[in-house]
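Please read the structure below before turning to the comments.
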Amino acid sequence: MELSKNYIPSNVEEKWYKHWMNKNYFKSEPDDRPPFTVVIPPPNVTGVLHMGHTLNETVQDILVRKARMSGFNACWVPGSDHASIATEAKVVDMLKREKGIDKNTLSREEFLKYAFEWKEKYGNIIYNQIEKLGCSVDWDRVTFTMDDHYYKAVIKVFVDLYNKGLIYRGARMINWDPAAKTALSDEEVEYKDVTGKLYYIKYKASPDPSKGGEQEAFIVIATQRPETIMGDVAVCANPNDERYSSLQGKKVIVPLINKEVPVIFDEYVDKDFGTGILKITPAHDINDFNIGLKFNLPVVDTLNEDGTLSEAAQIFIGEDRFVARKKIVEELREKGLLVKEEEYTTRLGYSQRTNVVAEPKISTQWFVKMKDLAQPALDAVRSEKIKIHPNEKFNATYKYWLENVKDWCISRQLWWGQQIPAWYDEEGNVYVAETEDEARQQLALSSQHSAISSKLTQDEDVLDTWFSSWLWPMEVFNGISNPGNKEIDYYYPTSVLVTGQDIIFFWVARMIMAGMEYRHEKPFSDVYFTGMVRDKMGRKMSKSLGNSPDLLTLIHEYGADAVRFGIMISSPAGNDLLFDESSLEQGKFFNNKLWNAMKLLKMWESQLAISNQQSAISNDNFALQWFANRLHEVRNEVEILMQQFRLSEALKTIYSLIWDDFCSWFLEWIKPEYGTSISNEVYEKAVFYFDELLQLLHPFMPFITEEIYHLLKGRNDDLMVKQFSPIQNTDPELLTLGDKLKNVISAIRDAKNKNNVKPKEPVSLFIETNEESSYQQIKEILAKQTNADHIYFNKMPEVSAIMTVAGNEKIYIKSDAEIDTTVQKEKLTKDLNYLKGFLITVEKKLSNDKFVQNAKPEVIELERKKKEDAESKIKVIEQTIASLDI
RNA sequence: GGGAGCAUAGCUCAGUUGGUUUAGAGCAUCUGCCUUACAAGCAGAGGGUCCGCGGUUCGAACCCGUGUGCUCCCA
């Protein structure tokens, strides 16, 4: 077979994914092996994978593949989230744009039909992307948060929590999204700093009957929201503020609507803010609401659900809140009631989904009581039953949120999602049950009149998406809908959760709560938080900036392995990563390097066949032994790094082992002379090492490793399920000798380079050493790598030669080239100065009595050794320089 | 306003319990090579006031304090 010059990923990726699928390698069923379970953080069903997902899925696939090759029964469950607000918004938009249909003209059933059609049409995009990336998910386990069993589980949990008194319904101040026309949880509101205006408005004092009502007295109130003055029910000053003490028991008139409201006093008011007196509008501000409760004030809600002014506002009814603000300011100005306006920086809450300003609003919603649920979740992390990585960064955030958790508003005024299982009778009594029949039975029990005739109406609202996804690690195995089944008992708790730090509260904390509540067991043992993917200028990736690349385009251009490599190599755990396509290019080059190493071996293989003559293996013994040791040394390092979730470093380590140690050193060391062939044994060993390298790299770059594994020789097995062999101990002496060999080769190459001796030009080497015996193992390689036709030990060359020093050994390089001693002297003098400086620092330490008294004996011994070492090196260099001067 | 984290080569980052040669890697840069696997390559090289200041210690990139700058979370 003709091998292409460079690696072409598109040819092989699809082939291997199909092959793995056909072999059922991704499939998992409970068996005797220990499980390694990962549940995918379900992406939005109608979304596409962005670079953040790409990072997350790659990390998960690396962990899952590694576990699968290490004796675990690896199970990675894919799926998607119905994402109620986001999806409903998309469907509403699509209906309007493509079909000219207004949601309000549809029945609930009709709308849901369109929504499911939409989901069928677009729901597979993400699955296709997950596949293209090479993710080894068990496709028989795809779960959607609105699947029948899942839907039932969510309902079951709602009813259960209600019966336990952990869910209640009530009127509270919540965050309202006027665009989506639904309530939001506190977590769904994002605060941004914005420049707004502070308006100073005159409120006239009510005419005082005792004074004949003639005066023009007024107070000035500063507000950011003049459009809410119609909801004012009082004005409030600090009781210690002398400026307003005369207003005790007085009333003022709200402008424009001429409504009389009382003046009240409360310490809450900051004397220094604005004019020191506030308007109290309980319907539209949480602080005002609390004061309203304290003083038993009425609530006047002047806004409709869509953010327009309501009838209660009396004026500008039906105008949008921001339009109304302008008009009111204008009218106040015309009437001389606007004293001034000034620039003011404030924080406004925006709906995470629709990006409109959220309104604080009094509304009757369903809530989960969080305090009791939070405690076990807190304990699980405190006791390190669940370990968060990187620990130091996120533990504090997690704990703070749980310790200060507020009740969770879970009802949403939407249709796409699980409909709240609460039924109301005609008198407004509520019955919470899994089915209408059960609700009816409750009704029958609780009342005298006939249950059959009485009309029950189900709550129109659906549940927050996160109220379904918090059950994810359990219900993907039917752990809620069918507790005690074989799968949930085997796979739960899952092994590791990989997700973005932005959903620590939305999802991670709540999954822990649900797990502790329903299985009395953590949902996962480790949580690995990935950072945010930014562009190379450090900006967030966003559609509006156009800096978010399309995954399939990248895969098409670089190949999935290169994309995986590129995103992993630059992504330290938990830190944001600056995404730069140049790292994908590096991945592509790496693919090519692997490909060419394979081609070299194939070339050697073909020469094995033609030639009977074999070079003696003894020359290659050192290379083989050294590489075997180096391989196991690195496997050991990688194992530790993986356990610590330092995947980026693990990949770097493997990369360098393959590129530097294997390709640049090992293959060159065993490369046969031109015209000769490699020995069978050396060839077989080289292939064996290559296999091991491919295996080590496979979790990171699955496609190319599988491809090369099969091209290297005929196989009956596949790399993706090949089990790792045990890691062997390494021989430190052999590794040290390997390092020495590399150093000597580099020093000689450097000397040749600096003295303008061409690399190919043959030389003779004269090495002054105390360890001549150790050179016996490496001198053949040394000769080959430096193009030396002779190596002499402890013998002077008869004519002048280039001199260099490696370690504490003096090396003469004899060649036909002209010798320029100044270049050599420069280099030697530089080394000498470095060593002298170094020696001074060491001597300083050793001559310090306190150091000798206090430091550990090993440390002192080490310093002494450093000193001796430096001294002997200095001596060699000084001698060499002296001999250059002759 | 409260809290967390970060600051090391041009860039992105390692640096474990304070001592492992007066700090390492990748990328970028420079020099020399079209060498029978790979120019998407090979062989080399240069590049650092470890953010400033103060302290603890025989010894600090690392510990403590403080200042400055950046990022994130929460209200």
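Chain naming here is simple, since letters A, B, ... match the order of the sequence lines and numbering starts at 1 in each. Computed from heavy atoms alone, side chains included, the values below leave out hydrogens, waters and symmetry copies.
Each of A/Met603 and A/Glu187 lies near RNA chain B, and the nucleotide nearest A/Met603 is the one positioned closer to the 5' end.
Looking at residues two or more places apart in sequence or on another chain, you find a side chain to side chain donor-acceptor pair (under 3.5 Å) between A/Ser351 and A/Asp177, A/Thr354. Considering only residues two or more places apart in sequence or on other chains, A/Ser583 meets the side-chain contact (heavy atoms from CB on, under 4.5 Å) condition with A/Ile569, A/Ser570. Remark: A/Lys845 engages A/Glu863 in a salt bridge (charged side-chain N to carboxylate O under 4.0 Å, His left out) (not counting sequence neighbours).
Side-chain atoms of A/Glu188 and A/Ser185 include a donor-acceptor pair closer than 3.5 Å.
B/C6 and B/C38: their C1' atoms are spaced 40 Å apart (whole Å). To the nearest whole angstrom, the two P atoms, one in B/A28 and one in B/C73, are 33 Å apart. Taking the P atoms as reference points, B/U31 lies 16 Å from B/G47, given to the whole Å. Comparing the P positions of B/G52 and B/U68 gives a spacing of 16 Å, expressed to the nearest Å.
With a 3.5 Å limit on both pairing distances and Watson-Crick or G-U wobble geometry required, the stems of 3 or more pairs in RNA chain B span B:1-7 with B:68-74, B:10-13 with B:24-27, B:29-33 with B:41-45, B:51-55 with B:63-67.
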Reading 5' to 3' through nucleotides 41-50 of chain B, protein heavy-atom contacts under 4.0 Å coded B for base, S for sugar-phosphate only, - for none: SSSSSS----
Per-nucleotide protein contact string for nucleotides 19-26 of chain B, where B marks a base within reach and S marks sugar-phosphate only (heavy atoms under 4.0 Å, - for neither): BSBBS--S
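At a threshold of 4.0 angstrom between heavy atoms, the contacts of A/Thr397 are confined to the sugar-phosphate backbone, with no base atom among them.
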